[in-house]
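Written below as structure tokens is the structure these notes are about.
Letters A, B, ... mirror the listed sequences (proteins, then strands); counts begin at 1.
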There are 2 protein chains.
Amino acid sequence: MALRHAVLAALLDGEFSGYQLTKIFDVGVSDFWYATPQQLYAELAKMETDGLLTGRRVVQRGRPDKRVFTVTGAGLAELAAFAAAPAKPLLIRDDLIVKVHACDLLAPGPLIAQLQERAAEAAAKLELFGKMLLRLRGELEEEEFLRRGERVGPYLTCLGGLRLERQMHEWCLQTARTLSERAVRDGTAQDESAQQEKGALS
Amino acid sequence: MALRHAVLAALLDGEFSGYQLTKIFDVGVSDFWYATPQQLYAELAKMETDGLLTGRRVVQRGRPDKRVFTVTGAGLAELAAFAAAPAKPLLIRDDLIVKVHACDLLAPGPLIAQLQERAAEAAAKLELFGKMLLRLRGELEEEEFLRRGERVGPYLTCLGGLRLERQMHEWCLQTARTLSERAVRDGTAQDESAQQEKGALS
DNA sequence: CTAGTCATGTAATCCGTTACATGATTAT
DNA sequence: ATAATCATGTAACGGATTACATGACTAG
């Protein structure tokens, strides 16, 4: 029961449909959670049954109708109870870090490529978060907004996401550089036979 | 099928028993993965059946016997295949960030306390990772070790963990400070009735 | 002699992922 | 026409968490 709290938090920013929430959770906005569409549709149905949300049908022209959800009083109470309870420890699961951990026994080529790819993704998110921060604080300066803004929650999490992506970007590039240099030292990165001798597995 | 690759990577650092691995995965060493004991014992059994690992009984004096595991050739092949396949996107799930996202509608007191607690945990991990880096690189300087060390994988992931914890530490403290200042502005943090008026939920 | 650590599991339940399924509308 | 986007689900499977269970030994 943890996705539901993320959904409640997301719905504080406005009314959203299941589809809109899939977009929000797919990007993992501000890196605060991730969920698949199937999870969301199922959870939304359950939450409505449990009285935490109310759905409202919105007729659209040119597009299929959608049902947007609003947090109820019971939903807010659930969120408050969640906030008061001790937080579970941060959960991270990352294939890439596992691969780097094992990098001394692996072919360096694919790993370096994946690190650079991840760095590029991080850079894209950095830009996104930067724009988001601008949008959220409007005309105010950051300090001013954090002191007197009405809704700073999304801004603070976005700042966290920005920091995370910045450090991810740097780490990936630095790690890729280190592995490249070592590959060169061992007899050029693309030379497969040289790596076989060193014990790398294709 | 992702835990098994993390187990394989961990077992590159030496022979470990299920119990030892629970310690490693419980701390979430270098923040690279997390798993419960039950998950590990089940997965180790399956991996042995699948021929990725071999177990060896170690008789101890003063302590119960243990079974330590070693990666087989098939295990290394599995790891190589995993490394060559595209990595799944980073998965983060964090209660605290969800709470901060909703902070404008919540009582600030408990949230601030939890942010400070998390900051303390991050500081503890920072120290741990610092010591670990020293131990891993021995007498060499970092640059030198990264260029010529034999096993840099754990070092690189540890560097990543260090960066992550450093940024987590800073973000938690900064966010706690921001929320504290806002709480004061609204009529002192511990004054429950004042928050009720503002709309905060206890 | 009590609490804590070492050591290993089973069972039930819950959560999450993958695959499948449908259908309208808009832009090319 | 065809692909892409909007919109919402079901079903099956596999992975993860929680609760339960056991037992030896060590340090206070």
Side-chain angles (χ1 to χ4, degrees), chain A residues 1-8 15-28 32-50 53 55-69 82 85-95 98, chain B residues 1-8 15-28 33-50 52-53 55-69 82 85-95 98:
Chain A
M1 294 281 168
L3 173 59
R4 57 176 49 196
H5 302 120
V7 169
L8 289 169
E15 289 183 325
F16 296 112
S17 67
Y19 188 77
Q20 288 175 298
L21 285 170
T22 63
K23 297 296 156 191
I24 292 169
F25 279 79
D26 177 39
V27 183
F32 87 82
W33 208 269
Y34 165 83
T36 60
Q38 293 73 15
Q39 251 180 298
L40 281 166
Y41 282 114
E43 192 63 30
L44 285 169
K46 240 189 289 173
M47 289 171 78
E48 199 179 11
T49 306
D50 296 350
L53 304 176
R56 191 168 64 80
R57 174 150 242 102
V58 174
V59 181
Q60 303 179 107
R61 355 164 248 157
R63 288 182 190 180
D65 294 0
K66 63 180 177 182
R67 294 196 71 222
V68 296
F69 295 93
F82 164 70
K88 286 196 192 157
L90 169 69
L91 175 70
I92 296 190
R93 276 177 186 158
D94 189 358
D95 281 9
V98 174
Chain B
M1 294 282 166
L3 173 58
R4 56 176 50 197
H5 303 119
V7 170
L8 289 169
E15 290 184 324
F16 295 113
S17 67
Y19 188 77
Q20 288 176 299
L21 285 170
T22 63
K23 297 297 155 187
I24 293 169
F25 278 79
D26 177 40
V27 183
W33 208 267
Y34 166 84
T36 60
Q38 292 74 16
Q39 252 179 297
L40 280 166
Y41 282 114
E43 191 64 29
L44 284 169
K46 239 190 288 174
M47 289 171 77
E48 198 179 11
T49 305
D50 295 350
L52 306 178
L53 304 176
R56 190 168 66 80
R57 175 150 239 101
V58 173
V59 182
Q60 301 178 110
R61 353 164 247 156
R63 287 181 191 182
D65 294 0
K66 64 181 178 183
R67 293 196 72 223
V68 295
F69 296 91
F82 163 70
K88 287 197 191 154
L90 170 67
L91 174 70
I92 295 189
R93 276 176 187 159
D94 189 0
D95 281 9
V98 174

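One can place CD of Gln39(A) at 15 Å from C1' of dA19(C), the figure rounded to the nearest angstrom. Residue Phe16(B) contributes atom CZ, which lies 18 Å from atom C1' of dT8(C) at whole-angstrom precision. Distance Asp65(B) CG to dT5(C) P: 21 Å, rounded to the nearest Å. Note: NZ (Lys46(A)) to C1' (dG16(C)) measures 11 Å, nearest angstrom. Distance CG (Leu91(A)) to P (dC15(C)): 15 Å, rounded to an integer number of Å. Per the geometry, CG belonging to Leu3(A) stands 16 Å off C1' belonging to dG15(D), to the nearest Å. Rounded to an integer number of Å, the gap from CG of Leu40(A) to P of dT17(C) is 11 Å. Straight-line distance from the OH atom of Tyr41(A) to the P atom of dA11(D): 17 Å, rounded to whole Å.
Taking side-chain N and O atoms only, Gln60(B) has no distance below 4.0 Å to OP1 or OP2 of dC6(C). Side-chain N/O atoms of Tyr19(B) include one lying less than 4.0 angstrom from OP1 or OP2 on dC6(C).
Where Arg57(B) and Lys88(B) each meet DNA chain C at their nearest nucleotide, the meeting point lying more 5' is that of Arg57(B). Comparing Glu43(A) and Val68(B) along DNA chain C, the residue whose closest nucleotide (by nearest heavy atom) sits nearer the 5' end is Val68(B). For Phe69(A) and Ala35(B), each mapped to the nucleotide of DNA chain D holding its nearest heavy atom, the one lying further toward the 5' end belongs to Phe69(A).
Taking the side chain of Lys66(A) as heavy atoms from C-beta on, and the options dC6(C), dT8(D), dT17(C), the nearest nucleotide is dT8(D).
Within 4.0 Å of Ser17(A), counting heavy atoms only, lie sugar-phosphate atoms of the nucleic acid but no base atom. Across all strands, Arg93(B) comes closer than 4.0 Å only to sugar-phosphate atoms, never to a base (heavy-atom distances).
Atom CZ of residue Arg4(B) and atom CG of residue Leu40(B) lie 12.5 Å apart, to the nearest 0.5 angstrom. Atoms CG and CG, from Leu21(B) and Asp26(B) in turn, are 12.0 Å apart once rounded to the nearest 0.5 Å. With rounding to the nearest 0.5 angstrom, the CG atom of Leu3(A) is 8.5 Å from the NZ atom of Lys46(A).
Under the side-chain contact (heavy atoms from CB on, under 4.5 Å) criterion, Lys88(B) pairs with Asp95(A), not counting sequence neighbours. In this structure, the side-chain hydrogen bond (donor to acceptor under 3.5 Å, both in side chains) partners of Asp94(B), at least two apart in sequence or on a different chain, are Arg118(B). For the ring pair (Phe, Tyr, Trp, His ring centres under 6.0 Å) test, no residue two or more places apart in sequence or in another chain qualifies with Tyr41(A). For Phe82(B), the ring pair (Phe, Tyr, Trp, His ring centres under 6.0 Å) criterion is met by His5(B), not counting sequence neighbours. Here Arg56(B) pairs with Glu15(B) under the side-chain hydrogen bond (donor to acceptor under 3.5 Å, both in side chains) rule; sequence neighbours left out. Partners of Arg67(A) under the side-chain contact (heavy atoms from CB on, under 4.5 Å) rule, at least two apart in sequence or in another chain, are Glu48(A), Arg57(A), Phe69(A). Here Gln38(B) pairs with Thr36(B) under the side-chain contact (heavy atoms from CB on, under 4.5 Å) rule; sequence neighbours left out.
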Taking only nitrogen or oxygen atoms into account, show me every contact under 3.5 Å that the protein makes with nucleotides 20-23 of chain C, one pair per line with its distance.
none

Protein-nucleic acid N or O pairs under 3.5 Å, nucleotides 26-28 of chain C:
{"residue": "dT26(C)", "atom": "OP1", "partner": "Gly62(A)", "partner atom": "O", "Å": "3.1"}

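The two residues Tyr34(A) and Leu91(B) make their nearest non-hydrogen contact at CD2-CD1, 4.1 Å.
Comparing the local axis fitted to the first five base pairs of the helix from dC1(C)-dG28(D) to dT28(C)-dA1(D) with the one fitted to its last five gives a bend of 40°, rounded to 10°.
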Problem - Val7(A) and Trp33(A): CA distance, side-chain angles, deciding distance, side-chain contact (heavy atoms from CB on, under 4.5 Å) verdict - result: CA-CA 9 Å; Val7(A) 169; Trp33(A) 208 269; over 6 Å; no

